Amino acid sequence: MEIPKTYEPRLAEERWYSHWMAKGYFHSEPDEREPFTVVIPPPNVTGVLHMGHMLNNTIQDVLVRKARMEGKNACWVPGTDHASIATEAKVVQKLRQEGIKKSDLSRDEFLRHAFDWKEKYGGVILQQLKKLGASCDWERTSFTMDPEYSESVITVFIDLFNKGKIYRGVRMINWDPEAQTALSDEEVIYKEVNSKLFHVRYKIAGTEDEWITIATTRPETILGDAAICVHPDDERYKHLQGKQVIVPIVNRVIPIIADEYVEMEFGTGCLKVTPAHDVNDYELGKKYDLETIDIFHDNGIVNENGLHYAGNDRFDVRKEIAKELDAKGYLVKVEDHINKVGFSERTDCVIEPRLSLQWFVSMKELAQPALDNVMNGTISFHPDKFKNTYRHWMENVKDWCISRQLWWGHRIPAFFYGSGSDEFVVARTIDEALAAAKVKSGNDALTASDLKQDEDVLDTWFSSWLWPISVFNGLTQPNNEEIKYYYPTNDLVTAPEIMFFWVARMIIAGYEYMGELPFKNVYYTGIVRDKLGRKMSKSLGNSPDPIELIEKYGADGVRLGILISSPAGNDLPFDSSQCEQGRNFTNKIWNASRLVMGWEVKQMEQPKAAVKAIEWFHARFQHELAIINDLMNKFKISEALMAIYKLVWDDFCSWYLEMIKPGYEQPIDQATLDQTIVYFEQLLCLLQPFTPFIAEELWHLLRERKEGEDIIIASWPKEATYNKEVLHQFAVAEEVIINIRNIRKQNNIANKVKMDLFVKKNNELDQAFDAVVVKMGNLTQLDYVNEKIANANTFLVAANEYFIPFGDSIDLVAEKAKMEEELAYTKGFLKSVQSKLSNEKFVAGAPEQVITNERKKEADAIQKIEILTEKLAGLK
RNA sequence: GGGAGAUUAGCUCAGUUGGUUCAGAGCGCCUGCCUUACAAGCAGGAUGUCGGGGGUUCGAAUCCCUCAUUUCCCA
């Protein structure tokens, strides 16, 4: 039976994923074990897998798989988010391609289309996650618009309303004229754009030719001007305070007010105030009781307040009005200017600050426990530097605008029975609403048809903030078995960008509805970037298709490639060469297994080198295991992976296997083979969370397994005691071997050629690893001598002298030069140590231990110099 | 404009309380090897004023000040 030289991932991946599914290893039910729960950050139902998901979900899978091996009842809940704006935009677009306009459809018709679409294309991303190896409990797949989930959302809305935490109010909100909906502050992205700063002069009322010049980037809003504002201390304008000006074109008379909000240095130091179209202006408007003149329709078209500009788009009006101002002599000058403009995260259109009647959650009180419990460490952030950002936001939290003028989402359960702003009730059903409305209105004759439900839906995050609770139906069935068992969840893995959208609000909801934290740890991943440091995005086309990567490098290779250099919170500059590294690693393990499985066993004595190798690898493995566990506990996942990588490749393959390897076509003894397989299995266990497919594949190739003996449910290796001294002894042997190899290389001595090695002991030397040195150095013998050997290559390890007699070709000059260099370095070293030791302040100030170390350094160096000097003399 | 970080080898990053795992790892690079587990490999090797400047200290990548560059968050 020929085992292929390279590992072929595809077959193994398909076979083992279906095997795991068939055995139900991913499925969790509450039992007496300790739970380990992770809820997936639900991707948009319309989404396709990108590199960010790969990173995020690989990390979750590592955590979940490790917990499973630690005997915990691991439960990873997958699902998708209905993502109201994003999905609605996609459905609208798809309908448009079919020639259907949203405005031609009724709400119900539109929703039917949307659900059809979701059924057909939604959740592709979950199928893709399976290719990655994600061990999610697919039987628990949730969707934020599942009936029971929707019920929790409505329950929470009603509850918060009844507690007075939800209110309806006119506020300045971010309006998306494209999607024609309000957006939360977090959905607005500010970008720097090149724009123009228009200097426009307004005539002072009651004067012939006295003017005041303002600077604005948005001249079209002149149509809605309500005041001019200057700084109270600004000497240039002091005489104008309290006077009035005439708005150009509009010819409205407005006051000049003074407020410290104005920056004297900016522009002309005069600000025009348009309360309807700017957040700060709105605040000024409230303060000075100014008129609020809205000049736009919902879609950004100028309305009847815009005089002859009515019916034109806001950006066209900006150009046109500039021309008119210029023509009429109002435009003083135009400057280039860079300013920050808000764009809609979803539609990328310029946000219009706008006054609007919306629903809000009052956040201040709700946020308090969420702030406290992160700051006091009840909930840990990894890395914890994100606590600063979190605190800053939570201390300045603003009320949350939760209504969206969309159809796809949870419709707000408010029912209007009249046209007054307070003539509504909030209720779960139309029947309950009717009953409540009768009471509230005092009108017993109301019928269901008199009630009109609010047209708006809720912000998507108003449903996803309940995710850790509602996937277990904790709100609809409080205290059910599952919520009691799985909540609070353990680790949340997500991107820092959604710390406020999602993480903070989940914590808030957790404390409000469960009375405790939703998760104990939050692991923030970085942003996946391309080699040039650009964010991966569809529009740049710089994002590799993860599925193609998996096909090319294998799922394990990609997982390793993506984890190997992504410390928590740091961006991940991704390059497919990392996947290549991953692929190479899986291939390396594959070949190690070919070696081990190819050996014939014979009844024979165990070689000494093998005995020592086994002793050493136990120590080495245990030493590293402690480090790996520690790193994992600290969520330093890439570092843990790197430690495993080196343990497998360097320690196990390059050293251990070479030490025990019999000669070509030679048999191996039973004891060594058995122990080697045990070691191999332990390494596979460490690898399983990271590279689950090849781990399972080799687990089954290395040994006959009974039904159900799969590595996915095997135990994570236990820490055990080990002999630290062995590690030290091996390090010395290792140095000797490296020196031998160097001499071979320098003198062009082939590895096949056996050599003699003589040792002159000057110091205590443990000879335990001599057999290993003989084997690895390919020596005929290793002998101890009392006198120096003449005509030999020499080297020093731990002040012991090693000699390899010259063969035919020698290079005395080179040998001498090498020694002289070493001697010079050692002398310099000694000098620096001695100068330190002769410094009285150092001796007085440094701790005992440090001084002892320095003295030892000094002694070692002196000895080394003696030996080297002698040797050099001998060469002459 | 306000806040929080970052700056260590060509690249990506480790580096606990200042002093023996202090200048490290992986990749890349250079040299030599197709040595029957693996060329997707083996063996060996090189690489840094620890962003600049100043200070504290017997001693600074580590603490303080300052400047520069840069990322993110908020307005």
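Computed from a prediction, not measured in an experiment: that's the story for all the values here. Side-chain atoms are counted along with the backbone in the values below, which use heavy atoms only and exclude waters and symmetry mates. Each chain gets a letter, A, B and so on, in the order the sequences are listed, and its residues count up from 1.
- Annotation for A/F795 and A/I804: closest pair CE2-CD1, 4.3 Å, computed over non-hydrogen atoms.
- Counted within 6.0 Å of NZ on A/K602, heavy atoms from surrounding residues, nucleotides or ligands total 12 or fewer; the atom is thus considered open.
- Straight-line distance from the CD atom of A/E624 to the P atom of B/A25: 14 Å, rounded to whole Å.
- Only the C1' atoms considered, B/U8 is 8 Å distant from B/G48, to the nearest whole Å.
- Contact annotation: A/K5 side-chain N/O to B/A39 OP1/OP2 distance is under 4.0 Å.
- Contact annotation: A/K636 side-chain N/O to B/G15 OP1/OP2 distance is under 4.0 Å.
- Around atom NZ of A/K387, more than 12 heavy atoms belonging to other residues, nucleotides or ligands sit under 6.0 Å away.
- Across the C1' atoms, B/A40 and B/C22 are found 34 Å apart, a figure rounded to whole Å.
- The side chain of A/W649 places no N or O atom within less than 4.0 Å of a non-bridging phosphate oxygen (OP1 or OP2) of B/A37.
- Between A/Y390 and A/F381, the angle of the ring planes goes over 60°, which puts this pair in the perpendicular group of the 30/60° scheme.
- Sequence order on RNA chain B of the closest nucleotides to A/K745 and A/A592 puts A/K745 first from the 5' end.
- Between the OH atom of A/Y656 and the P atom of B/C38 there is a distance of 20 Å, given to the nearest Å.
- Relative ring orientation between A/F652 and A/F680 is described as perpendicular, the plane-to-plane angle rising above 60° on a 0-90° scale split at 30° and 60°.
- Under the Watson-Crick or G-U wobble criterion, with both distances below 3.5 Å, B/C29 is paired with B/G45.
- In terms of phosphate contacts, A/Y645 brings a side-chain nitrogen or oxygen within less than 4.0 Å of OP1 or OP2 of B/C27.
- One C1' atom belongs to B/A60, the other to B/C72, and the distance between them is 29 Å to the nearest Å.
- Base pairing analysis places B/C58 opposite B/G19; the two distances defining the Watson-Crick or G-U wobble pair are each below 3.5 Å.
- OP1 and OP2 of B/A37 both lie 4.0 Å or more from every side-chain N or O belonging to A/S593.
- B/G41 atom C1' lies 12 Å from atom CZ of A/R583, rounded to whole Å.
- Among the protein residues, A/E658 comes within range of the nucleic acid bases, having at least one heavy atom under 4.0 Å from a base atom.
- The side chain of A/Y664 lies closest to B/A37 when the candidates are B/G5, B/C73, B/A37.
- For A/C653, counting side-chain heavy atoms from C-beta on, the closest listed nucleotide (B/A37, B/A14, B/G5) is B/A37.
- Nucleotide B/C72 has B/G3 as its partner under the Watson-Crick or G-U criteria, with both atom distances under 3.5 Å.
- When both distances must be under 3.5 Å, the Watson-Crick or G-U wobble mate of B/G24 is B/C13.
- Between A/R10 and A/E13 there is no salt bridge, since none of the side-chain N atoms of the basic residue sits less than 4.0 Å from a carboxylate O of the acidic one.
- Distance from the side chain of A/N584 is smallest to B/G41 among B/G41, B/A14, B/G26.
- Nucleotides B/G51 and B/C13 have their P atoms positioned 15 Å apart, rounded to a whole Å.
- Taking atom P in both B/U49 and B/G10, the straight-line distance is 8 Å, to the nearest Å.
- Side-chain contact of A/T676 with A/Y656: a donor-acceptor pair under 3.5 Å is present, judged by distance alone.
- Minimum atom distance to the side chain of A/T6 is reached by B/A40, of the listed B/A40, B/A43, B/A37.
- The same atom, P, is picked in B/C65 and in B/C27; the two are 39 Å apart, to the nearest Å.
- Only the P atoms considered, B/A75 is 30 Å distant from B/C64, to the nearest whole Å.
- What separates CZ of A/R594 from C1' of B/A37 is a distance of 5 Å, to the nearest Å.
- Straight-line distance from the CG atom of A/N174 to the P atom of B/A75: 9 Å, rounded to whole Å.
- You'll find that the side chain of A/F500 is closest to B/C73, out of B/A75, B/C42, B/C73.
- Using a 4.0 Å heavy-atom cutoff across all strands shown, A/W599 reaches no nucleic acid atom at all.
- Comparing A/M642 and A/T586 against RNA chain B, the residue whose closest nucleotide sits nearer the 5' end is A/M642.
- The aromatic rings of A/Y722 and A/H623 sit perpendicular to each other, their planes meeting at more than 60°, with 30° as the lower class boundary.
- Between A/N587 and B/G41 there is no side-chain polar atom (N or O) within less than 4.0 angstrom of OP1 or OP2.
- For the C1' atoms, the distance from B/U62 to B/U57 is 13 Å, rounded to whole Å.
- Regarding A/F386, its CZ atom lies at a distance of 12 Å from the P atom of B/C72, rounded to whole Å.
- Side chain of A/K752, nearest nucleotide from B/G45, B/A37, B/U35: B/U35.
- The separation between A/K646 atom NZ and B/A25 atom C1' is 5 Å, rounded to whole Å.
- B/U12 atom C1' lies 16 Å from atom CD of A/E580, rounded to whole Å.
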